[in-house]
Amino acid sequence: MNMDSIVSLCKRRGFLFQSSEIYGGLQGFWDYGPLGVELKRNVKEAWWSDMVNGHDDMSTLSGAPSPYSMEGLDCTIIMHPQVWKCSGHYDLFHDHMVDCRETKKRYRYDQINGRWVEAKGRKIFVTAPAGDEEQEHLTKQTLKFFKLRNKHIDDLKWDGPVVCLTNLENFDEVLGPDAKSLGSLTEPREFNLMFKTFVGALSGEEGAAFLRPETAQGIFVNFKNVLDSTRHRLPLGIAQIGKSFRNEITPRNFTFRSREFEQMEIEFFCHPDQSQEWYRYWRDRRLKWYHDLGISGDNLIMREHHQDELAHYSIGTADIEYAFPFMSEGEYGELEGVSHRGDFDLRSHMEGKLDEKSTDLALQLNADGKPKWKGSGKDLSYRDDLTNEKYVPHVIEPSAGADRATLAFLCEAYTEDQQPDEKGKMQTRTVMKLHPRIAPIKAAIFPLVKKDGMPEVAKEVYLDLKKHFKVFYDEKGAVGRRYRRQDEAGTPYCITVDGQTLEDQTVTIRDRDSLEQTRIKIDECESVIRDRIRQ
RNA sequence: GCGGGUGUAGCUCAGUGGCUAGAGCAUCACGUUGCCAACGUGAAUGUCGAGGGUUCGAAUCCCUUCACCCGCUCCA
């Protein structure tokens with residue numbers, strides 16, 4: 001299977017189009033066509049129904065430490081700018097980068113260190129990526145530049161300590177970390193990964209705001225509101241589906257990395273002592289969700305982050321990953337991250353931006369000893385009125401990409417098999433084996449031929465089923481071709497009105513995957529389809 | 001952001017300076033047909049990705065630009 005045939009089918013059948021295609025398209029933006037919008041809606045609805053509205057809050061679910069509540073939320077895309085300063089996104093997403101004109105490499109401005117050095121009567125500033133081996137790298141670069149051997153190492157006259165590149169104003173005498181000639185580094189340029197906009201008519205910095213780069217923060221800042229208005233006890237999960245925006249440097253791989261995308265996120269608030277158990281519960285529960293909707297075990301993996309990849313506050317983070325066809329053998333792309341976030345987010349919105357690098361999660365301070373970004377000052381802790389214990393809840397965050405999930409379902413569904421044609425000759429059939437729950441069209445209704453009153457009966461069946469499901473009517477061309485068209489659309493069932501229908505009020509229902517046809521009564525159509533979708 | 005490749009009908013592609021830009025598949029109509037991409041007849045379909053230039057003449061050569069694919073880079 002290759003990605004091109006999937007992309008081609010998506011366009012041909014109306015799953016996905018390039019945004020603004022008639023103007024040449026816009027990198028990182030995609031539109032969902034008539035079939036695509038149904039598919040994506042079904043994915044989101046399955047998630048919302050399974051996680052929120054259909055959640056059983058009376059029982060202790062398998063793998064869970066206790067019963068828990070779930071609520072939904074829908075927050076704005078533009079929020080108070082301070083939200084992103086305290087969450088850490090503002091600092092993280094405003095990188096200054098320098099490019100090397102010679103090697104075409106790009107570096108983060110603040111992660112390049114260097115030192116003045118003199119040899120052969122010339123003084124240069126030699127640089128290296130910040131890290132344990134930076135002095136080694138500096139020496140090597142210097143020797144190479146001056147065409148000196150290791151034995152001349154003592155001839156190098158170092159001037160001053162290793163300092164960050166940010167201390168320099170002019171890069172003319174700077175040797176890039178991997179460069180051979182001086183002055184190859186560009187001026188630092190700002191990379192804004194958050195989309196910037198302006199609130200109010202004035203477009204000055206005072207009105208500057210950002211499109212959200214994730215939906216999660218809306219949940220954290222509303223935590224108190226949800227608790228107060230619903231009277232829930234912890235543990236409580238709050239769910240949200242919505243658009244997020246990231247100005248990716250290189251959008252690629254169809255909709256996998258888009259600049260505008262939709263997230264399905266849960267922030268699950270619980271007692272710190274139980275957070276580890278809840279983390280494991282959510283990790284396993286979310287993996288099973290993809291599995292139940294038809295992603296095969298071979299293509300789906302759970303990747304636990306290593307201890308050294310984790311932030312200090314986190315007990316664990318696991319990525320649920322899918323073997324997308326555009327990835328190389330053995331590589332996977334992230335569908336969802338499930339992370340234990342401790343009390344980092346709530347405390348950041350209370351006290352101000354915390355330093356995720358410090359072991360005790362201290363408030364991040366400026367040089368003058370004041371908080372770098374001030375929090376809301378509001379108390380977001382929780383009082384358990386049974387035990388009278390007061391604590392800042394810990395959070396488990398299952399954060400899924402709706403577009404990535406939709407793309408994974410499309411890739412997983414794409415199948416080419418061999419089926420005999422009219423003459424018994426084997427023909428390649430393209431079929432989207434989407435799970436019936438997420439299939440855009442649940443059933444297609446055909447008259448076998450366009451005469452003898454068959455279209456009239458078929459239209460009645462169609463109009464009746466339309467009240468319950470997304471269905472499709474087609475009477476054009478040979479019935480075999482109509483079946484194949486529905487196979488490409490992923491329609492799980494085709495109902496055909498034939499000669500016998502006119503005699504005994506029965507129709508045939510054809511299964512997309514097995515091609516088996518069974519004869520059922522017209523009045524049974526709705527319940528048969530409903531039962532089969534539920535399976 | 002850098003390097004390489006690609007861009008012609010809905011899809012897959014042919015067309016290397018010269019007549020009104022083609023093929024297969026798909027689409028639509030009529031007829032035939034009775035369950036898995038049928039057949040016959042007919043029809044419609046293009047700013048040759050966009051803009052500019054060279055030329056008597058450009059899909060074709062040159063420049064700019066946009067998008068997609070691959071490799072870097074990036075990916076909280």
Side-chain angles (χ1 to χ4, degrees), chain A residues 2-5 7-14 17-30 33 84 87-95 97-108 178 186 189 191 193-194 213-214 216-217 244 246-254 256-259 309 311 317 326 328 333-334 337 339 341 356 399 417-431 446-452 454 476-488 494-501 507-512 514-517 519:
Chain A
N2 77 48
M3 201 57 205
D4 290 346
S5 21
V7 174
S8 159
L9 181 139
C10 282
K11 179 168 188 207
R12 193 168 68 243
R13 290 296 172 198
F17 307 125
Q18 233 187 315
S19 166
S20 327
E21 197 193 60
I22 62 166
Y23 287 105
L26 189 61
Q27 212 182 7
F29 297 90
W30 298 91
W84 308 112
S87 72
H89 288 88
Y90 183 84
D91 291 342
L92 202 64
F93 279 26
H94 275 74
D95 284 340
M97 311 289 285
V98 292
D99 290 312
C100 179
R101 295 186 193 93
E102 181 191 315
T103 63
K104 310 299 181 198
K105 291 199 175 198
R106 171 174 295 159
Y107 311 91
R108 265 182 60 178
D178 303 286
T186 62
R189 284 179 287 191
F191 277 76
L193 261 49
M194 281 198 288
E214 64 167 39
Q217 298 305 320
S244 292
R246 291 179 200 179
N247 214 344
E248 298 286 354
I249 294 168
T250 313
R252 201 162 282 195
N253 290 329
F254 207 22
F256 183 76
R257 180 171 296 137
S258 302
R259 287 176 164 146
E309 287 180 86
T317 293
F326 48 76
S328 38
E334 183 182 341
S339 33
R341 299 189 54 85
E356 64 270 30
S399 166
D417 63 10
Q418 298 290 320
Q419 297 296 343
D421 65 10
E422 198 193 24
K423 294 163 193 130
K425 206 178 133 198
M426 296 309 272
Q427 299 281 357
T428 302
R429 173 180 79 134
T430 303
V431 50
F446 307 145
L448 184 59
V449 285
K450 202 165 61 172
K451 62 180 190 185
D452 298 341
M454 290 181 206
K476 287 173 209 150
V479 74
R481 177 171 296 171
R482 283 178 264 157
Y483 286 142
R484 295 298 166 90
R485 265 197 287 251
Q486 292 308 310
D487 288 341
E488 281 200 346
C494 291
I495 289 167
T496 306
V497 169
D498 57 14
Q500 198 179 328
T501 308
V507 291
T508 60
I509 180 164
R510 167 203 187 254
D511 183 86
R512 176 194 66 202
S514 68
L515 278 73
E516 267 169 34
Q517 283 181 296
R519 194 159 273 282

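Predicted, not measured: the structure shown is a model, and the values here were computed from it. By convention in this document, chain letters (A, B, ...) are assigned in the order of the sequence lines, proteins followed by strands, and residues within each chain are numbered from 1.
When distances run from any side-chain atom of Lys450(A) to the nucleotides A67(B), C11(B), C30(B), the shortest one goes to C30(B). The side chain of Arg481(A) lies closest to A38(B) when the candidates are C35(B), A38(B), A67(B). Ranking A38(B), C35(B), U12(B) by closeness to the Ala478(A) side chain, first place goes to A38(B). Comparing C11(B), A67(B), C36(B) by their nearest atom to the side chain of Lys11(A) picks out C11(B). Residue Asn253(A) has its side chain nearest to C70(B) when only C70(B), C68(B), C35(B) are considered. The side chain of Thr430(A) has A37(B) as its nearest neighbour among A37(B), U12(B), G34(B). Checked against C68(B), C35(B), U12(B), the side chain of Gln18(A) finds its nearest nucleotide in C68(B).
With rounding to whole Å, Phe17(A) atom CZ is found 16 Å from C68(B) atom P. Following rounding to the nearest Å, Asp487(A) (CG) and C36(B) (C1') show an atom-to-atom distance of 8 Å. The distance from atom CD of Gln486(A) to atom P of A37(B) is 15 Å, rounded to the nearest whole Å. Atom NZ in Lys476(A) sits roughly 10 Å away from atom P in C30(B) (whole-Å rounding). Atom-to-atom, CE of Met454(A) to P of C35(B) comes out at 10 Å; the value is rounded to the nearest Å. Straight-line distance from the CG atom of Leu9(A) to the P atom of U12(B): 11 Å, rounded to whole Å. In this entry the distance linking CZ of Arg485(A) with P of A38(B) reads 10 Å, nearest Å. The CD-P distance, from Glu21(A) to A50(B), rounds to 13 Å in whole Å.
Aromatic rings from Phe326(A) and Phe254(A) are positioned such that their centres are separated by 6.0 Å or more.
The structure places CZ of Arg13(A) at 9.5 Å from OG1 of Thr430(A), a figure rounded to the nearest 0.5 Å.
Contact annotation for Phe254(A): backbone-only contact, meaning every heavy-atom pair under 4.0 Å involves sugar-phosphate atoms and none involves a base. No engagement by Glu334(A) is indicated, since no non-hydrogen atom pair under 4.0 Å with the nucleic acid exists.
Here C68(B) sits opposite G5(B) as a Watson-Crick or G-U wobble pair (both hydrogen-bonding atom distances under 3.5 Å).
For C36(B), neither phosphate oxygen OP1 nor OP2 lies less than 4.0 angstrom from any side-chain nitrogen or oxygen of Arg482(A). One finds a side-chain N or O of Gln27(A) lying less than 4.0 angstrom from the OP1 or OP2 phosphate oxygen of C68(B). Contact between the side-chain N/O atoms of Arg484(A) and the OP1/OP2 oxygens of A26(B) is not found at any separation under 4.0 Å.
Base orientation of G34(B): syn, since the glycosidic angle falls within 90° of 0.
In this model, no side-chain donor or acceptor of Arg510(A) finds a partner on the base of C35(B) within 3.5 Å.
The nearest heavy atom of RNA chain B to Arg12(A) and to Lys451(A) marks one nucleotide each, and the one closer to the 5' end goes with Arg12(A).
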